[in-house]
Every structure is written in C-alpha cells, then in structure tokens.
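Notes follow the structure.
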There are 2 protein chains.
Amino acid sequence: MLKAERHRVILNEVAIHNRILLTDISEVLNVSVDTVRRDVTQLDAEKKLQKVHGGAVALGYVNNTGEHDKVYALNEKGQIAKKALGLLENGNVIIIHGGTTCLELARMIPSNISLTCFTLSLPVAVELCKKPKLEVIMIGGTMAKESQIASGGSAIHDLMNIKVDYSFIGTGYVDVNFGLTEFDYESVQVKRAVVNASKTPVLLTISEKLNSRNRYKTCELSDIDVMITELDPSDEKLREFKDSGIKIY
Amino acid sequence: MLKAERHRVILNEVAIHNRILLTDISEVLNVSVDTVRRDVTQLDAEKKLQKVHGGAVALGYVNNTGEHDKVYALNEKGQIAKKALGLLENGNVIIIHGGTTCLELARMIPSNISLTCFTLSLPVAVELCKKPKLEVIMIGGTMAKESQIASGGSAIHDLMNIKVDYSFIGTGYVDVNFGLTEFDYESVQVKRAVVNASKTPVLLTISEKLNSRNRYKTCELSDIDVMITELDPSDEKLREFKDSGIKIY
DNA sequence: TTTTAATTTGCAAAATATCGAAATTTTAAA
DNA sequence: TTTAAAATTTCGATATTTTGCAAATTAAAA
C-alpha cells in the first residue's frame, strides 16, 4: 500500500468523523501504529489535519465541551446513524435506501467493517465506494432527479430477488396508526420493496416526523422491526410507538 | 514491447485504479522494475501522472480537492464530447458508459435537449441528474470502487433487454486490426453488452490510444459505427481507421 | 498518587531508488 | 542485407527510504 493511499484514507476518515484514533486507522490500513503516526505527523506538517495525543482531528475542530471525552456532539442525523451502526456485524448484508439520514449512515460506516451494501441512491453509493472493505451494489432504475434515488419497475424487480439482513430507510411521515406514509406514490412502492427484501427493516427518522402522515402508505408500523430516532428511547414522545411493540433505539 | 505501449498501459491502469505499484506493472509488462520506474519518471515529467515512492498515482489524487480540472487531457476530451453531441437529436435514447471522456460528454449535454440516458457510471449519473430535460436511468450492478462503474451479471442482463439509438463508450486501447481491447476482463464484458444494446455505437477516444492493444477484446473496430477523436478527421494518423470503413468525426 | 496508554528515540530489516557498466535492441547507414 | 552507432534495457553494487519493534520517556486517566 502506497503512502499516498494511506494519507487519502486518513484524510477521508478525519473529514467524516472529525477525530480519529491512530489505533483504529492502524487496524483499517493493516500497518503498525508507528507508520500511522508518521503519516499523521506528515499530514499535520502539511496543515491538512491537526495531530493530537492518540490521534488527529480535523483542522479548525475545537472540542468545546471542555472535557477530554472521545464522544463529540453529533447532529440529529449523526446520532441516529451511530445508533444504527450499532446493529451491524461483520459479514452482514444490508440495503441502504436513500435520503439525508441514510447518507449520514453510509458516511459513518467504520472503515474496518466488512459488509455487502445494496443501495438505490447515487450519493449513498458514492460514499460507500470510499470504504475499502465494502462490497457495493447499486440497484438501478429511473432516477428521481432531486433525491438521486432509483425507482421504477426495474428497481422493484431487483429488490424482489434479494433478502438481506437489515434494510435502512427514511420516511416522509410516520404515525402509530397510519404507519409510514409519503407524498409521492413512486417512492412508496420502492420503499415497500426494500422493506420486504430484508429480514430486519430499520426506520431512521428524526423525531420531528413522528405523528405525521400523508396520502400513500409504504407499510404499517408493525412491518418495521426497529425505529431509530435521535431521542433517548425512554423519551415520552416515543411512548405510544414503544407500546405498539416496535423496538426503539 | 515498445515504450509507447508500456506508457499506454501504465496510463490506463492509473486512470482506472487511481494508483499503481511499480512491482505490479513490472510483472504485468514483463520488464524490469527499473524500466517501469524510468517510464513512470518520464510520464511524471510529462504531467500525465504523479510519481510516488513505490508507484504512481493519478493527478489530483494526493490533494483530493477540486479533482475535475486535474483530469489528463481535459481539453482534448472536451473537444471529443462536443463532436459527439453533434450526433444527438431531441428524443434520442442513448447509453453513456463511463470514464473521464464520457463524463465530459455528460457534463456538456445542453440543458435544452430532451434525451433518455442510460448509464452505468455514478459520476455520469450525477451529472445527468442536473439536466432538467433528461430522463436518467441508472443501470445497477456491482460497483468498481475506483471507477465507480457498475458491472457484473446484473448490469449485463439489464443491457441485454434494451436497444437504444446511440451508445458512447471509451476504451483502454484501440487498434485497426485488434479492435477495442482492455486490460481488465470484467469491463470488456460490460462494454460489449453496451455496444450490442445500441444501433449506433460510438467510440470516444483521445488519439493517444490509437494503435495500442491489450489482452481482452471488447469488439472489433467494425462493430463500432463512429469513432471520435480530438483530431481533425483528415489527420494522417486516422488514415487506416478511415480506410477500415468506420465513420470518423 | 498509581496505572495505563501514547510518544519518542534508536535501531535493524525490508523495500525502493540511484548509479554505472554491460548486454540487448533498435535505428540508420552502408 | 549487413554493420555500426545510438538508444534502451538489464543487472549488480550501493544509497536511501520506509517500516516495525522495543526500551525509555512522557502524557493522560483513574
């Protein structure tokens, strides 16, 4: 492996996570910690990141918590993505549908995990291609221009022929009684196919969308196994969802 | 093996994989590492790639920002794309395969033309999605990480079920007698399917690649209807290609 | 404080680069 | 075609760079 390749991986990791540990990178790149340290030292000298004890942080990144903790404040979607990643194990086969929360999930997949990832989203596919240890399979179809997500009969047909461990989807609207709904009929059909193609469908949604609905139904809430929001699972807003029997993280 | 041939192989490998190891290339080309090193040194001096310890990387690889203007021979590729666009009429259905020349074509499609565009390339698809009047259809499959182009049985199967007006493909190598060839077997199969899926296959290639060849054949030159280079069609270098009966623009 | 983890330093092995001479191939002229 | 000159390539010897390891030192955490 060339030094330039390692540097690229390191910079990408820093860009995504703001902070990296030398030991983690060492594992990902299959080189000694010493080598990673030398790389980081060089990148620091080139002003491409800032070297800190035990690792490196993005330039201009300040830990304003005042503590030396390893957990930094993430936005809502980052928090959701992090929880979702906790479900995954090496060797899993998953579908990542699309949308901003799913994109965050794709970005935050650790470089050292091995997965087979299907996706219908161009931006998600681009992110997945950056991870050395993933097998990436794009499910094609007619592209929705703004969302850059494939849909249509071809995409649905492809989905009908696979069964994966987990699928991760977002939704426009979710309600305990009305289930997952959308404004757009086309995306409802594709998402339903995604749900059916996985043993464990996982809904990623910010709490803002709870208790809202629209005209087309993707599926019932009970068709989903796990719902992940940025809230603490004990939050009162999640009460009736929890009562419905779905797992909440 | 002539020096020019080695240079072509090296540049193509860098274009596809973003990086090469001198030792790998030495083995592939059956020449000493010294020779490969000298070749790479020369190509580096010609600003066609960047030499690094142990190998070489694509231009713009190290500083991974603003990559587009670092593409080799961007001017020539722009000229090629412009000529290719002259073929198109409103309502045409086309396939744009992938690679930097095809990407340039996608970028330069005027926003007032209506087309249905199939593609196997993520970056091409992203560009096409920016054009309001296009219908964009991504052909999915297993993604090649570096080139971000779909391949595999699923992609080929999808291609076998369509017949479009024009297809636009690049090639690693092209020769009057040996036709279009590649170093990589996987991409040969997909490109062949693209050619077969179109009434008028169009080859886009910079003149540098003329009279070069490698081990796997995509198709004969006669399977291609139109070849477009940055040269004037009357250029002497194109003589024997013209004699073969293919249209040259 | 103690304990643990990370860094520094020096070093040796491995990989890569450089240089010059010999061998080979290519080119051009006879 | 043959031959000689030129260019290119290979090989060996020697430098340089890179890498991983371990002991001593320093910094962080409990």
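Below, read A as the first sequence line, B as the second, and so on, with proteins coming before strands; counting in each chain starts at 1.
- Atom NE2 of A:His7 is separated from atom C1' of D:dT19 by 13 Å (rounded to the nearest Å).
- The side chain to side chain contact (heavy atoms under 4.5 Å, CB included) test with B:Val190 is passed by exactly one of B:Ile139, B:Thr218, B:Ile149, B:Ile156: B:Ile156.
- If you take CG of A:Asp39 and C1' of D:dG20, they are 13 Å apart, rounded to a whole angstrom.
- Out of D:dT10, D:dG20, D:dT8, the shortest distance to the side chain of A:Asp34 is found at D:dG20.
- Rounded to an integer number of Å, the gap from A:Asn30 CG to D:dG20 C1' is 14 Å.
- At distances below 3.5 Å, at least one donor-acceptor pair connects side-chain atoms of A:Lys83 with backbone N or O atoms of A:Thr229.
- Checked for salt-bridge contact, B:Lys217 and B:Glu220 meet the test: a charged N lies under 4.0 Å from a carboxylate O.
- The salt bridge (charged side-chain N to carboxylate O under 4.0 Å, His left out) test applied to B:Lys77 returns no partner, not counting sequence neighbours.
- Not one side-chain nitrogen or oxygen of B:Arg37 sits closer than 4.0 Å to the OP1 or OP2 atom of C:dT16.
- Distance CG (A:Leu2) to P (C:dA15): 15 Å, rounded to an integer number of Å.
- Checking D:dT10, C:dA6, C:dT8 against every side-chain atom of A:His53, the shortest atom distance belongs to C:dA6.
- Comparing atom distances between the B:Leu22 side chain and each of D:dT10, C:dA17, D:dG20 picks out C:dA17 as nearest.
- With sequence neighbours left out, B:Arg239 forms a salt bridge (charged side-chain N to carboxylate O under 4.0 Å, His left out) with B:Glu236.
- Taking 4.0 angstrom as the limit, B:Arg6 places a side-chain polar atom (N or O) nearer than this to OP1 or OP2 of D:dT9.
- The distance from atom CD of B:Glu27 to atom P of D:dT10 is 14 Å, rounded to the nearest whole Å.
- Residues A:Lys51 and A:Arg38 both approach DNA chain C. Their nearest nucleotides, taken by heavy-atom distance, put A:Lys51 toward the 5′ side.
- A:Val52 comes within 4.0 angstrom of the backbone, heavy atoms only, and of no base.
- Atom CE of A:Met1 is separated from atom P of C:dA15 by 17 Å (rounded to the nearest Å).
- Using a 4.0 Å heavy-atom distance criterion, B:Val31 is classed as a sugar-phosphate-only contact.
- Taking atom CG of residue B:Asp24 and atom P of nucleotide C:dA15, one finds them 14 Å apart after rounding to whole Å.
- Rounded to a whole Å, the CG atom of B:Leu21 is 13 Å from the P atom of C:dA15.
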